[in-house]
Amino acid sequence: MAFDPNSYESKWRQYWRDNSTYRVENPKAGEKPKPKYFVLDMFPYPSGAGLHVGHPLGYIASDIYSRYKRMTGHNVLHPMGYDAFGLPAEQYAIQTGIHPAESTATNIKRYREQFDLIGFSFDWEREVRTSEPQYYKWTQWAFARMFESYYDTALNKAMPISELVSAFAKTGNANVTAATESKNQFTAEEWNGFSRKQKSEALMDYRIAYRRTSYVNWCEELGTVLANDEVVNGVSERGGYPVEKKAMLQWSLRTSAYAQRLLDDLNDLEWSDSLKTQQRNWIGRSTGCQVFFEIDGKTDRLEIYTTRPDTIFGTTFMVLAPEHPMVDAITTSEHKASINAYRERAAGRSDIERQADAKEVSGEFTGSYAVNPFNGKKLPIYIAEYVLVDYGTGAIMAVPSDDERDERFAKHFGIEIIPVVDRPEGSSAADKVGTMINSDFLNGLKVKEAIKKANYEVQKRGIGQAKTNFKLRDANFSRQRYWGEPFPIIYDAEGIPEVVADDQLPVKLPKLDDYKPAPGGDGPLARAKDWVNLPDGYTRETDTMPAVAGSSWYFLRFMDPGNPDAIASKEAMEYWESVDLYVGGTEHAVAHLLYARFWQKFLYDIDAVPVAEPFKKLINQGMIQGVVETIYLHKEDKYFASADLVNDDNRDDFAPNYVLVDYISDYGFDDRPSNLSFENIASFRKWRPDYKDTEFRYGPDKDKFFSHSEVGKMSKSRYNVVNPDLIIERYGADTFRMYEMFLGPIEAHKPWNTNGIEGVYKFLRRFYQLFYNEEGQLIITDSAATPEQLKTVHGTIKKVREDIERFAMNTCVSAFMVCVNELRSSKCTSRDALEPLVRLLAPFAPYLTEQIWSDFGNEGSVHLTSLPVHDEQYLVESEVEYPISVNGKKRATAMFSVDASKDDIEKAAITHEAVQSYIEGKQIKKVIVVPGRMVNIVV
RNA sequence: GCCCUGGUGGUGGAACUGGUAGACACGCAGGACUUAAAAUCCUGUUCUCAUUGCGAGAGUACGGGUUCGAUUCCCGUCCGGGGCACCA
């Protein structure tokens with residue numbers, strides 16, 4: 001019987017399922033547990049398109065690693081679940097009326113089939129879905145705890161809000177060390193005199209989950225608010241709809257309070273540098289100085305933030321953000337009209353418009369002046385868009401000599417420029433080098449010393465202090481959507497928010513007939529009157545949580561998925577602790593990973609988890625890209641033109657149309673441009689009946705109709721999704737798995753092509769043929785393996801183990817190929833040599849190895865055996881081949897015994913026949929012998 | 001603009017701490033088997049020159065440097081990919 005994966009793969013799929021081969025147990029009380037290892041994949045959003053060939057890349061690598069760990073004595077937690085809340089299912093529901101839960105369940109079923117097909121070793125008994133009430137109960141529970149906590153900046157952790165309440169009652173808020181943006185001050189007497197409502201509002205300024213009016217990214221088309229990272233180039237990431245700034249009452253999480261810890265704890269993680277840098281940039285720590293400037297003729301002081309207090313003598317004007325709260329108070333009557341016009345214009349402009357002319361200089365004078373605290377100089381106060389209201393204090397001291405933007409502004413408005421740093425040639429202001437000039441007591445100091453001195457002086461004179469700033473903003477946590485977690489929040493008749501009691505959780509989503517947003521910026525839940533209105537005049541919050549909520553802690557639930565009393569039991573948490581290896585794409589480098597780290601730290605603070613970081617080691621798999629194929633439709637004459645008829649001059653006359661990639665021949669070849677054959681054109685017409693009579697115009701090459709080909713993301717809308725099912729049907733899952741690994745390093749981005757898949761298929765067939773004859777009978781014998789064969793096998797064991805450990809699955813595959821090629825040419829049939837190879841290959845090709853293992857007459861799965869260990873004795877060489885170089889250029893090779901002395905090797909090398917012509921008549925200056933490596937003769 | 005990455009044959013890639021550049025695979029060329037094709041198997045395949053045989057030289061984006069020796073380390077330039085972007 002010839003090699004035929006289809007003949008056995010489905011059998012083993014069923015076997016693994018029936019026998020729960022991959023079930024993982026938590027250790028029982030009193031039992032001495034095996035060392036644990038937690039391998040996690042970023043769980044997918046179950047979209048309607050199903051898995052494409054890009055998704056499994058990371059899953060396969062982590063599956064191999066999990067199997068490797070399992071076979072080397074570890075208790076491996078390797079679960080999978082679904083990030084099941086999200087926008088697409090809801091939009092689909094709006095279009096079709098099908099409940100998101102229903103379409104999501106359908107999609108999940110499809111995903112599961114595909115997962116099973118590929119042969120992943122997930123423990124499906126631990127599956128989680130973020131949209132299940134028993135899961136989101138704990139999302140709500142964590143939110144409730146955040147509502148009931150504040151961040152103590154002295155203790156550097158979250159604390160119960162009740163402690164803050166008693167502190168307020170005793171001493172007011174003047175001395176509390178709590179993270180807040182509020183400037184309100186109140187005494188104990190004032191606090192005690194507050195109404196319930198006033199107290200509630202005051203506490204909102206401190207809660208870690210809090211509600212405030214903030215400028216948010218409002219997307220009218222989607223009817224919801226979006227987070228900054230859901231907005232790309234001023235349009236929504238999903239759908240590409242315009243996004244505007246809007247002031248709305250929104251739930252937020254005080255992520256900014258955790259900025260320093262999120263930054264510090266990065267250092268100990270085994271993450272790539274680029275990823276850590278991305279997180280650091282996002283957190284955006286800067287150290288500077290907060291300084292108060294008096295305003296001429298006013299009692300109010302203007303607070304600014306600068307990283308360059310040394311340049312304070314170069315300040316020639318001040319700038320406020322247009323939205324700055326002090327603008328009204330300082331604008332003089334004759335400037336009111338123009339200031340208001342400017343502010344209106346700024347408010348009406350979307351981010352994309354602002355960015356488009358970021359280099360444009362605009363601004364408006366308020367008519368007021370600030371006073372430089374060091375020299376009393378009067379400084380005109382402007383407002384301008386280039387100062388952002390939500391960074392620092394929303395106001396700056398402008399130093400045109402040492403800031404590019406200030407310089408542009410000063411030149412545009414004809415404002416004085418005073419040089420204060422004598423910079424060396426070729427350096428810029430950002431380099432912070434040079435010597436201070438025109439700066440009174442700072443003169444003669446180097447910039448870095450001057451910064452320290454200026455900080456000191458500011459503090460001494462009581463006009464400010466050194467301060468650290470972060471770009472990281474609080475997370476906006478409200479969405480006006482249906483398909484997300486309801487907030488565990490109710491409002492009493494006065495509108496005071498309260499958390500829903502723990503025993504009332506989960507707050508389940510109500511049934512709805514219409515998923516469209518309700519009018520007035522309310523979410524669809526506002527339509528569910530029976531659900532919203534509670535006895536005693538209470539009402540429910542109608543916003544829902546964003547998609548990041550459920551994914552911020554799902555890894556914890558896998559530790560103890562069914563637990564009704566906690567996220568997971570204490571024992572389970574202490575045993576599994578955190579994720580040892582996390583594999584996923586870079587698209588989640590910032591948002592998901594940052595939120596998950598924040599969530600974990602909060603849970604750590606309230607003693608709900610034992611460690612403060614969720615993911616010890618992280619590997620980013622690259623994206624497998626698709627080929628995007630387009631053909632050109634003439635806009636006026638409505639015919640399709642072959643790509644060779646389209647050039648830069650007439651390109652605008654054509655509208656590009658994506659073509660289903662299946663209809664394209666020859667893509668991926670440089671010398672044979674992608675094209676549609678006659679049959680393909682017929683298929684295309686059938687696929688798009690609206691074009692069934694459209695003419696296809698050929699270019700000079702009359703045989704072929706060319707399409708335009710480029711590499712791009714695989715997506716349903718580009719019709720270029722390659723489905724793994726078809727590959728598996730043709731070659732089997734083992735080939736698919738190994739081919740994806742063989743494509744290259746796991747982190748690399750690469751376009752999908754099947755050019756090399758035959759090579760991997762051939763390899764597996766040859767592996768099979770080592771064990772079976774053409775009739776499908778085992779041909780293994782008990783004859784002794786030769787030393788060469790044992791060397792091959794043990795060398796392979798050693799290399800594969802090392803390469804798995806450093807996640808180099810591609811070189812593992814080639815090591816297997818080399819091994820099989822060698823054993824094949826030496827006609828190896830020895831069980832001693834071949835049996836370990838079955839176990840070694842098992843993590844990569846689970847189906848074939850299981851079949852061979854069973855044909856060997858073994859009971860039980862090969863995947864529950866142990867990985868072979870290499871025996872060094874088969875690898876020791878008596879002789880080593882040394883390259884002999886002359887002046888670094890290899891000229892000959894020679895064999896030397898491993899224990900040959902340096903001197904012997906040197907002597908033999910210089911008398912070696914092949915090198916004579918290179919050293920003849922020249923003086924040998926030096927001979928370098930690296931034992932076991934090489935010889936270099938320097939002449 | 002700033003930050004992070006990467007640049008190796010016709011192609012995907014290998015070379016882990018500086019030590020035989022191009023493993024493995026695809027593709028291509030030639031051969032065997034076949035009436036023929038497919039499949040399979042064998043041989044060759046970095047480039048240039050030479051070729052009757054031995055060979056010789058160059059070569060890891062480019063230009064320098066350190067070193068006995070550099071794909072690997074350092075400096076500069078160019079190009080690709082990703083992220084951030086008026087962050088004071």
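A, B, ... follow the sequence lines: proteins, then strands. Residue 1 opens every chain. Note that this is a predicted model, so its numbers are computed, not measured.
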Can you check the A:Glu758 CD to B:C28 P distance for me, whole Å?
-> 12 Å

Going by modelled atom types, is there a donor-acceptor pair between the base of B:C68 and the side chain of A:Asn936 at under 3.5 Å?
-> yes

Residues A:Lys411, A:Glu407: salt bridge by 4.0 Å N-O rule = yes

To the nearest Å, how far apart are A:Ile283 CD1 and B:C84 C1'?
-> 14 Å

Sugar-phosphate, base or nothing in reach of A:Arg473, heavy atoms under 4.0 Å = base

With a non-hydrogen cut-off below 4.0 angstrom, is A:Leu743 in contact with a base, only sugar-phosphate, or nothing?
-> sugar-phosphate

Under a 3.5 Å limit for both distances, which nucleotide forms a Watson-Crick or G-U wobble pair with B:U35, could you say?
-> none

P gap between B:C26 and B:G44, integer Å | 15 Å

Which part of the nucleic acid does A:Val818 contact within heavy-atom distance under 4.0 Å: base, sugar-phosphate only, or nothing?
-> sugar-phosphate

When you compare B:G12 with B:G65, how far apart are their P atoms, in angstrom units rounded to a whole number?
-> 31 Å

Looking at every strand, decide which applies to A:Met817 at a 4.0 Å heavy-atom threshold: base, sugar-phosphate, or nothing.
-> sugar-phosphate

Nearest-Å distance once atom P is located in both B:G82 and B:G69 | 40 Å

Which nucleotide sits closest to the side chain of A:Thr277: B:C4, B:U40, B:A14?
-> B:C4

Give one of base, sugar-phosphate or nothing for A:Lys276, where a contact means two heavy atoms less than 4.0 Å apart.
-> nothing

Please step through side chain to side chain contact (heavy atoms under 4.5 Å, CB included) for the pair A:Asn469 and A:Arg285, ending with a clear verdict.
-> CA-CA 6 Å; A:Asn469 242 312; A:Arg285 183 182 200 266; over 6 Å; no

Among the nucleotides B:C4, B:U40, B:A14, which one has an atom lying closest to any side-chain atom of A:Asn810?
-> B:A14

Ion pair present between A:Asp310 and A:Lys452, side-chain N to carboxylate O less than 4.0 angstrom?
-> no

Given the 90°-from-0 boundary between syn and anti, B:G9 should be labelled syn

Any strand: nucleotide that pairs with B:A21 via Watson-Crick or wobble, under 3.5 Å = none

Could you give the distance separating B:G9 and B:U71 at their C1' atoms, to the nearest angstrom?
-> 14 Å

Scan A:Ser274 against the nucleic acid and name what it touches under 4.0 Å (heavy atoms): base, sugar-phosphate only, or nothing.
-> sugar-phosphate

For B:A88, which nucleotide in any strand shown is its Watson-Crick or wobble partner with both distances under 3.5 Å?
-> none

Say you pick atom C1' in B:U48 and the same atom in B:G59; how far apart are they, in whole Å?
-> 10 Å

The Watson-Crick or G-U wobble partner of B:G80, with both key distances under 3.5 Å, is B:U5

Sub-3.5 Å donor-acceptor pair from the side chain of A:Asn620 to the main-chain atoms of A:Gly584, do we have one?
-> yes

Could you pick out which residue, A:Ala748 or A:Lys762, lies toward the 5' side of RNA chain B when each is mapped onto its nearest nucleotide?
-> A:Ala748

Out of B:G19, B:A88, B:C41, which nucleotide sits closest to the side chain of A:Ile928?
-> B:G19

Answer with base, sugar-phosphate or nothing: what part of the nucleic acid does A:Ser286 contact at a heavy-atom distance below 4.0 Å?
-> sugar-phosphate

Checking all strands, does A:Asn821 fall into the base, sugar-phosphate, or nothing category for heavy-atom contacts under 4.0 angstrom?
-> sugar-phosphate

Value in whole Å for how far the C1' atom of B:A85 lies from CD of A:Glu404 = 13 Å

Partner of B:U46 under the Watson-Crick or G-U wobble criteria, both distances under 3.5 Å, comes out as B:A58

Euclidean distance for C1', B:A70 against B:A15 (whole angstrom) | 13 Å

Would A:Thr315 and A:Asn372 count as having a side-chain donor-acceptor pair, cut-off 3.5 Å?
-> no

What distance, rounded to whole Å, do you find between the two C1' atoms, one in B:G22 and one in B:G7?
-> 16 Å

Cut-off 3.5 Å, side chains only: do A:Tyr342 and A:Ser362 have a donor facing an acceptor?
-> yes

Least distance between heavy atoms, A:Asp406 atom then A:Met397 atom | OD2-O, 4.1 Å

Residue A:Tyr305, side-chain atoms from C-beta onward, closest of B:C16, B:U40, B:A88 | B:A88

Report which part of the nucleic acid A:Thr811 touches: base, sugar-phosphate, or nothing (heavy-atom distance under 4.0 Å, all strands).
-> sugar-phosphate

Of the nucleotides B:U20, B:A88, B:C3, which one has an atom closest to the side chain of A:Val387?
-> B:A88

Pairwise 5' ranking along RNA chain B for A:Ile396 and A:Pro745, keeping only the more 5' one = A:Pro745

G-U wobble or Watson-Crick pairing nucleotide for B:G63 (cut-off 3.5 Å, both distances) = B:C75

